[in-house]
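Report on one structure; see the data block that follows.
Keep in mind that what you see is a predicted model, and the values were worked out from it rather than measured. Counting convention: from 1, in listed order, for ligands and their atoms alike.
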Amino acid sequence: MTPDEKRILLQKAANASSEGITISSMTEPDRPLIFVSDGFLNMTGYSRDEVIGKNCRFLQGQDTNESAVDRLRTAIANGEACTVELLNYSKNGTPFWNRLSITPIRDDHNTVTHYVGIQSDISALRKNINRLINANNDLEMFKHRIINDLDQARTAQQFLLPDKFPVSAKLNFASFFVPMEEIGGDFFDVIPLQDNHYGLLIADVTGHGIPAAMLTFMSSTAFSSVATSSLSCAETLSKVNMKLHEKMPEDKFLTMFYMIYNPETRLLKYSQAGHPDVIVLRTSLSKIIPLSTKGSLVGPFSSQEVSFEEKEIKLIPGDKVILYTDAVTDALDNYRDKNEENRFHNFLLKHAGLPLDSLFKNLYDFGLKENKLYSYPDDFTVLGFEVMD
Ligand SMILES: Cc1cc2nc3c(=O)[nH]c(=O)nc-3n(C[C@H](O)[C@H](O)[C@H](O)COP(=O)(O)O)c2cc1C
């Protein structure tokens, strides 16, 4: 290939690219353009005659970012390469974003004789990036709003729980509740009923987040409006179910365990609605007595479809009655769902001598330690009372 053929080939190659390719002379006054590719002319709308011999700054205008021009100036003064994004204007005044890379060309004495520049129109890219940045900002704002809403729902949800328990010489109440981060659906209540009876409820609504919080409010309100000492435990659950069934979404339900305790006779009546068994820890005999009855879940079935059984047990001094939700036992066998009940019972027997509140706290810590967790993946809820002499 002759030198002329080579030159023509290079020129053709430069013109074939849609990017702008330019060469400025560094040895002539004001560093004029001595070569511009077809891509550059298409991008800027000028003809070759209009630009050859001029410094390329003619593309700059009112809103061109000065900092980018400064960087170009410094790079050229130091004989260095440089890449900037700057606002340029085409011949008809339309602004466009130009990603410009300039690179020095040196002669045999290492003197910079020319600079080659590559121009790319990145207006569409910047528009998309800006759109993405705006969308991302909107998402961030939305995320903060959701987190704020969740915080408020979590705070409101905790108002549903009793802040203090009734005081009695015949029994001592205790509870331990640590809500999960995302918002769970556990709640419990201790209601003084007529004749010094007490109603104790523990419940777990399916799901997490705002829907669970809303169902918790609905269910807790339904329960408070129904529970009286004139109704048995089973009747109370039936009535709560009736109230909730019509309003509850079809795929949602809750489990409940409700009991009424008479401290005078030490008679405990109870009814279970799909909830984990309650445990009576008979400390005097080192014995576990699980309390269970037949009963439907609350919510999905109509009054005709549900039935709740009721049973009773006579307690003795020293008995500890423990109501809990499944997060408590799930953690005890590393969520393998095999041996959790045994481990739970063994734990209770081993710590039977502790006051209830310490027992609950130890149980919480034990589950975390077993699973090397900092927090539980669900609400951790335990409620109970100890029968005094
Ligand atoms: C090869 C080369 C190509 C250039 N292309 C552009 C360009 O497309 N757009 C632009 O605004 N400036 C471009 N410049 C930068 C200007 O020509 C000039 O160097 C810059 O405005 C800073 O110098 P000044 O202070 O003399 O204006 C280019 C510079 C060189 C060396």
*Tell me which protein heavy atom sits closest to atom 17 (O) of ligand 1, plus the residue, atom name and distance to 0.1 Å.*
N55 OD1, 2.7 Å
*Starting from atom 29 (C) of ligand 1, locate the nearest protein heavy atom and write down its residue, its atom name and how far away it is, to 0.1 Å.*
I102 CG2, 4.1 Å
_Protein heavy atom at shortest distance from atom 12 (N) of ligand 1_ = Q60 NE2, 3.4 Å
*Looking at L59, which atoms of ligand 1 are within less than 4.0 Å of one of its heavy atoms?*
7 (C), 8 (O), 9 (N)
*If you count the atoms of ligand 1 from 1 in the order shown, which ones are under 4.0 Å from a heavy atom of V69?*
21 (O), 22 (C)
*Among all protein heavy atoms, pick the one closest to atom 4 (C) of ligand 1 and tell me residue, atom and distance.*
C56 CB, 3.8 Å
*If you measure from each non-hydrogen atom of N88 to ligand 1, which part falls under 4.0 Å: side chain, backbone, both or neither?*
side chain
*Polar side chain donor-acceptor pair, E305 to S296, under 3.5 angstrom*: no
*Taking atom 15 (C) of ligand 1 as the reference point, the nearest protein heavy atom with its distance*: L72 CD1, 3.8 Å
*Between Q119 and ligand 1, which part of the residue brings a heavy atom under 4.0 Å of the ligand: side chain, backbone, both or neither?*
side chain
*So is there a nitrogen or oxygen of Y115 less than 3.5 Å from a nitrogen or oxygen in ligand 1?*
no
*Among protein heavy atoms, which lies nearest atom 13 (C) of ligand 1, and at what distance?*
L100 CD2, 3.5 Å
*asked:* Please classify the N98 to ligand 1 contact at 4.0 Å (heavy-atom distances, strictly less than): side chain, backbone, both or neither.
replied: side chain
*Measure up the Y46 and F58 rings against each other and bin them: parallel (under 30°), tilted (30 to 60°), perpendicular (over 60°).*
perpendicular
*May I have the step-by-step check of ring-ring contact (aromatic ring centres under 6.0 Å, His included) for Y258 and F308, ending in yes or no?*
CA-CA 11 Å; Y258 181 50; F308 299 101; over 10 Å; no
*Kindly assign one of parallel, tilted or perpendicular to the pair F385 and Y261, based on the angle between their ring planes and the thresholds 30° and 60°.*
tilted
*Which residue, D204, D378, D186, forms the side chain to side chain donor-acceptor pair (under 3.5 Å) with T325?*
D186
_Show me which atoms of ligand 1 lie under 4.0 Å from any heavy atom of G117._
1 (C)
*What closest approach, in Å, do A153 and I183 show between heavy atoms, and which atom pair accounts for it?*
CB-CD1, 3.5 Å
*Considering only non-hydrogen protein atoms, determine which one is nearest to atom 25 (O) of ligand 1 and report residue, atom name and distance to 0.1 Å.*
R73 NE, 2.5 Å
*Give a yes-or-no answer on whether the side chains of N92 and T94 include a donor-acceptor pair shorter than 3.5 Å.*
yes
*Would L200 and I202 show up in the same hydrophobic cluster when neighbours are defined by side-chain heavy atoms closer than 4.5 Å?*
yes
*Nearest non-hydrogen protein atom, atom 19 (O) of ligand 1*: I76 CD1, 3.2 Å
_I need the atoms of ligand 1 closer than 4.0 Å to a non-hydrogen atom of L86, numbered in the order shown._
11 (O)
_Is the ring pair F188/F165 parallel, tilted or perpendicular, if the boundaries are 30 and 60 degrees?_
tilted
*Give the intermediate values and the outcome of salt bridge (Lys or Arg N to Asp or Glu O under 4.0 Å) for residues D30 and K54.*
CA-CA 8 Å; D30 206 27; K54 283 190 185 158; over 6 Å; no
*Could you say whether the N/O atoms of T22 and ligand 1 ever approach to under 3.5 Å?*
no
*Yes or no on side chain to side chain donor-acceptor pair (under 3.5 Å) for T2 and D4, after CA distance, side-chain angles and deciding distance?*
CA-CA 5 Å; T2 64; D4 254 5; 5.9 Å; no
